[in-house]
There are 2 protein chains.
Amino acid sequence: MTESPEPLDPSVERLARLKGDRCKARIAADRLKSLTDQIDEGEIAAEAEVFRAICDPFRLSILKLLRDGELCVCEIMTALDRPQSSTSHHLSILKRAGLVKERKEGKWSRYRLADGAVIEIMKLAEILRGG
Amino acid sequence: MTESPEPLDPSVERLARLKGDRCKARIAADRLKSLTDQIDEGEIAAEAEVFRAICDPFRLSILKLLRDGELCVCEIMTALDRPQSSTSHHLSILKRAGLVKERKEGKWSRYRLADGAVIEIMKLAEILRGG
DNA sequence: CTTATATATCGAGATGGTTTGATACGACCG
DNA sequence: CGGTCGTATCAAACCATCTCGATATATAAG
């Protein structure tokens with residue numbers, strides 16, 4: 001036996017072939033394990049929901065409109081030329097994701113950005129888009 | 001005729017009822033128009049693609065792994081315990097969106113974050129998620 | 001040249017999201 | 001009250017995306 005006879009789990013076996021050395025493989029496996037341990041599945045899901053809310057072109061347009069201040073559903077649907085039901089539905093998605101806040105005033109529902117971070121996150125997308 | 005007899009387009013008519021005054025309606029319509037004019041459909045689509053790339057939990061996990069440095073496909077699929085074809089597919093989506101870069105080395109493809117802005121955008125999502 | 005390994009691509013099934021008109025709910029006004 | 005207006009919700013058609021096994025490509029090794 002030139003190398004450790006101890007049984008290794010399949011993923012370490014893979015890395016052993018990759019590294020050509022069981023010892024290095026274990027170190028690599030431990031490193032990967034410590035990285036995955038840092039990742040909480042619940043956090044990932046919650047953060048992904050934020051991105052999922054912004055990833056629709058219509059919803060992103062709504063957020064850009066709201067940079068200049070509060071608007072009601074009626075104004076948003078007029079500005080973006082979309083059906084009322086669609087506008088209301090997408091606003092509810094943005095609200096559930098915590099990106100906008102609602103303020104009821106008589107029969108109107110007025111929406112505004114929930115946090116300055118929403119503006120920041122849009123700026124970063126502009127940078128990443130290659131502009 | 002107590003008010004302007006000029007024909008107004010339907011969206012201004014809507015706002016006229018909303019504001020109860022054709023003059024105010026026109027001002028509001030002009031404001032909305034100037035807001036929508038600032039929005040370029042191509043930019044919106046490009047930026048939405050960035051968010052669409054990050055909105056999948058698996059892809060977000062990949063990006064979090066890559067914060068600590070370059071990894072090959074084999075290491076990522078091992079760390080996250082996913083099929084190879086799926087891992088490769090999602091990496092191609094991240095690459096197309098400009099979030100990661102690829103470096104070929106022999107038979108390996110090593111991936112890394114394309115820009116520090118990717119880390120920043122993930123930090124903002126952590127803030128927004130309510131944490 | 002044959003084999004093995006790492007990665008990419010393909011295809012079918014399953015799943016989830018978007019769109020739209022229709023409908024329901026609530027607030028205001030006569 | 002009854003009607004109108006703003007908004008929310010519903011349901012169904014349509015479309016995009018995720019998954020995962022199978023296959024293809026490419027590089028290295030024997």
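Protein chains get the first letters and strands the later ones, always in sequence-line order, with residue 1 at the start of each.
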Could you state the [atom1]-[atom2] distance from [X] to [N], rounded to the nearest angstrom?
{"X": "B:M77", "N": "C:dT5", "atom1": "CE", "atom2": "C1'", "value": "12 Å"}
{"X": "A:L91", "N": "D:dA8", "atom1": "CG", "atom2": "P", "value": "7 Å"}
{"X": "A:K104", "N": "C:dA27", "atom1": "NZ", "atom2": "C1'", "value": "10 Å"}
{"X": "B:L71", "N": "C:dA6", "atom1": "CG", "atom2": "P", "value": "15 Å"}
{"X": "A:R103", "N": "D:dA8", "atom1": "CZ", "atom2": "P", "value": "14 Å"}
{"X": "B:R110", "N": "C:dT5", "atom1": "CZ", "atom2": "P", "value": "17 Å"}

Nucleotides 16-19 of chain C: which of its N/O atoms have a protein N/O under 3.5 Å away?
{"unit_1": "C:dT18", "atom_1": "OP1", "unit_2": "A:R59", "atom_2": "NH1", "d": "3.1"}
{"unit_1": "C:dT18", "atom_1": "OP1", "unit_2": "A:R59", "atom_2": "NH2", "d": "2.7"}
{"unit_1": "C:dT18", "atom_1": "OP2", "unit_2": "A:R59", "atom_2": "NH1", "d": "3.4"}
{"unit_1": "C:dT19", "atom_1": "OP1", "unit_2": "A:R82", "atom_2": "NH1", "d": "3.1"}
{"unit_1": "C:dT19", "atom_1": "OP2", "unit_2": "A:H90", "atom_2": "NE2", "d": "2.5"}

In this structure, CG of A:L71 is separated from OG1 of A:T87 (nearest 0.5 Å) by 11.5 Å
In chain order, what residues pass the side-chain contact (heavy atoms from CB on, under 4.5 Å) check against [X], with sequence neighbours excluded?
{"X": "B:Q84", "value": "B:M77, B:S88"}
{"X": "A:A48", "value": "B:P57, B:L60"}
{"X": "A:A53", "value": "A:I93, A:L94, A:A97, A:L99"}
{"X": "A:D40", "value": "A:E43"}

Report task. Output yes when at least one side-chain N/O atom of B:Y111 is less than 4.0 Å from OP1 or OP2 of C:dA6, else no. Result -> no
Between A:S109 and D:dA8, is there a contact of a side-chain N or O with OP1 or OP2 at under 4.0 Å? yes
Residues passing the salt bridge (Lys or Arg N to Asp or Glu O under 4.0 Å) test with A:D37, sequence neighbours excluded, are A:K33
Contacts satisfying ring pair (Phe, Tyr, Trp, His ring centres under 6.0 Å) that involve residues 35-75 of chain B (not counting sequence neighbours) are B:F58-B:H90
Applying side-chain hydrogen bond (donor to acceptor under 3.5 Å, both in side chains) to A:E70 and not counting sequence neighbours gives A:R103
Those residues at least two apart in sequence (or on a different chain) that pass side-chain hydrogen bond (donor to acceptor under 3.5 Å, both in side chains) with B:K95 are B:E102
Would you tabulate the nitrogen or oxygen pairs shorter than 3.5 Å linking the protein to nucleotides 22-24 of chain C?
none

A:E120/A:K123 salt bridge by N-O under 4.0 Å criterion = yes
Residue pairs passing the side chain to side chain donor-acceptor pair (under 3.5 Å) test with at least one member in residues 47-57 of chain A, sequence neighbours excluded, are A:E47-B:K64
Please list, for nucleotides 24-30 of chain D, all pairs of protein and nucleotide N/O atoms separated by less than 3.5 Å.
none

